[in-house]
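Read through the structure below, which is laid out as structure tokens, and then see the notes.
Heavy atoms only: backbone and side chains are in, while hydrogens, waters and symmetry mates are out. Both ligands and their constituent atoms are indexed starting at 1 by order of listing.
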Amino acid sequence: MRRFRRFYYDLFSRVYDGVIAFHSSDRAGRLRAWLVERAGVEPGMRVLDLCTGTGSVALEARKVVGDSGLVVGVDFSRGMLKKAREKAWGVEGLEWVEACAPFLPFKEGTIHVVICSHAFYELKNWEKLWTLAEVKRVLVPGGRFCMMEHEEPAHPLVRFLYKVRLASMGSWNSERFVAREQLLFSRFFQKVTKERSPTGSSKLLVGVKG
Ligand SMILES: C[S@@+](CC[C@H](N)C(=O)[O-])C[C@H]1O[C@@H](n2cnc3c(N)ncnc32)[C@H](O)[C@@H]1O
């Protein structure tokens, strides 16, 4: 199944940014800037953008960490990482790593902030749990994990399509996860908070490593 999902994203990478720009009401990327701000990213930090896709959030975080910081974008799709590298051509302080979310190739306690935008729900149940544990492992004490996800669409047809998409990614039990995500986060992180994005279409869960 993971091979299928990687293949899907390798293909999708060719049109991903265009599709997002077409569908999103947030063409100026304000949502990403808001995410980076709410994630508490500051100059000099080491930030991990998990499931980075074409690297848009990583690029936004790079603007904030500056030359003394580092942003690493991780994804399991070579196609997505290729696009990210092209977009970030010439930008220093950005690294792209091909890896799977539940197996992060970083040392314990080395990252200040981990961000995961619109990707966590697609992970299978065991992957979600392992990823939460891995994120906690790589974070410094007091480091933050920020997960942004779509709010469940209100329109019945769009909601149906949203659920079909999650299921087609192999994540049959995402609905159960959504219902108790805050509780699950609390098993790994402290001070767990949840808020709606200014666009109203996404939500942000933040947890702090104790
Ligand atoms: C919907 S895209 C989101 C990309 C980006 N975070 C954004 O907000 O535009 C989901 C991304 O998660 C990646 N992904 C899905 N499952 C993954 C896994 N198990 N490990 C690493 N990356 C994964 C996909 O390759 C894809 O690039």
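By the 30° and 60° cut-offs, the orientation of the rings of Tyr9 relative to Phe76 is tilted.
Annotation: ligand 1 has protein neighbours Arg5, Tyr9, Tyr16, Cys51, Thr52, Gly53, Asp75, Phe76, Ser77, Met80, Ala99, Cys100, Ala101, Ser117, His118, Ala119, Glu122, Leu123, Glu127, each with a heavy atom less than 4.0 angstrom from the ligand.
In this view, Phe160 and Val164 satisfy the side-chain contact (heavy atoms from CB on, under 4.5 Å) rule, not counting sequence neighbours. Residues forming a side-chain hydrogen bond (donor to acceptor under 3.5 Å, both in side chains) with Glu134 (at least two apart in sequence, or on another chain): Arg137. Partners of Arg196 by side-chain contact (heavy atoms from CB on, under 4.5 Å), not counting sequence neighbours, listed by chain and number: Glu151.
For the side chain to side chain donor-acceptor pair (under 3.5 Å) criterion with Lys203, the lone passing option out of Glu181, Glu195, Glu149 is Glu181.
Ion pairing between Arg6 and Glu98 holds under the 4.0 Å rule for side-chain N and carboxylate O.
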